[in-house]
S.K.: 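Pasting a structure below so you can have a look.
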Amino acid sequence: MIRLIRLIDRVSTFVGKTFAWLIVVLTLHVCWEVAARYLLNQPSAWAFDLQMMYYGILFMMAGAYTLAKNGHVRGDILYGFLPPRVQAGLDLVLFIVFFFPGVIALVWAGWYYAAYSIAIGEHSSLMANGPPIYPFKAFIPIAGAFLLLQGVAEVLRCVLCLRRGAWPSREEDVEEVDVDKLKKMVHVKDEDIAQLDRYVTTPGEPRR
């Protein structure tokens, strides 16, 4: 069971990290559009639509990756104080009652909207001769399918936790910067930072 969980986690991680490169594409596109608009006086009519689609695809395809890393927002006022088996039981119920019905509905509706959009060759209606949006809508059921697959892995995690009394570990990945850990790594103390602050001046303030 743990091998299947790891396999699904790796698939979700690969998909998430692959589509994360869209943020680079989006950044370059925005920079080019700004240069073209203000330096060349040749703005693109499709710029806004394409940028929205870039971000939308990135957002959707990162859903399974975020779930694999337990990164989705949760209201855990009491959850964090509960024993692992109780947490797993709650998660299992919530996945069955809310997650799977919602994601299955997303895949079903997304498939319908994508198929219809492809059939009519749908284009953006924000402007005349707008860019095609059926490739963008095609990612809705795809993203839902990956999210559904990751949900299976999370249910298996709950089952393992109910059996063992402890959560199976997740693969390490990029984390937010922990300032205290960073200070220990570079051997910096608060006193050292306070001494360096003396050399930082605000606008209009003379150097000391």
S.K.: Quick one, His123 and Pro131 - any side-chain contact, counting heavy atoms below 4.5 Å?
M.R.: no
S.K.: Using the salt bridge (Lys or Arg N to Asp or Glu O under 4.0 Å) criterion, which residues pair with Lys137? Sequence neighbours excluded.
M.R.: Glu122
S.K.: Does the side chain of Val155 reach to within under 4.5 Å of the side chain of Leu92, using non-hydrogen atoms?
M.R.: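 Yes, side chains in contact.
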S.K.: Are Phe14 and Thr18 side-chain neighbours, meaning at least one heavy-atom pair lies under 4.5 Å?
M.R.: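 Counting from C-beta outward, Phe14 and Thr18 do come under 4.5 Å.
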S.K.: Can you tell me how far apart CD (Gln51) and CE (Met53) are? Round to the nearest 0.5 Å.
M.R.: 10.0 Å
S.K.: Is the Phe99 ring parallel, tilted or perpendicular to the Phe95 ring (thresholds 30°, 60°)?
M.R.: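 Because their plane-to-plane angle is over 60°, the rings of Phe99 and Phe95 count as perpendicular.
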S.K.: Could you list the donor-acceptor pairs under 3.5 angstrom formed by side chains in residues 159-168, with sequence neighbours left out?
M.R.:
unit_1, atom_1, unit_2, atom_2, d
Trp167, NE1, Gln87, OE1, 2.9

S.K.: To the nearest 0.5 angstrom, please state how far the CZ atom of Phe136 sits from the CE atom of Met60.
M.R.: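 These two atoms lie 4.5 Å from each other.
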S.K.: With clusters defined by side-chain heavy atoms of hydrophobic residues (ILVMFWY) lying less than 4.5 Å apart, directly or transitively, does Val15 cluster with Ile23?
M.R.: yes
S.K.: Any ion pair linking Glu154 and Lys69 (charged N to carboxylate O, less than 4.0 Å)?
M.R.: no
S.K.: Would you check if Trp46 and Pro132 make a side-chain contact, meaning some heavy-atom pair closer than 4.5 Å?
M.R.: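 Yes. Closest side-chain heavy atoms under 4.5 Å.
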S.K.: Kindly state whether the ring of Phe139 and the ring of Phe19 have centres lying under 6.0 angstrom apart.
M.R.: yes
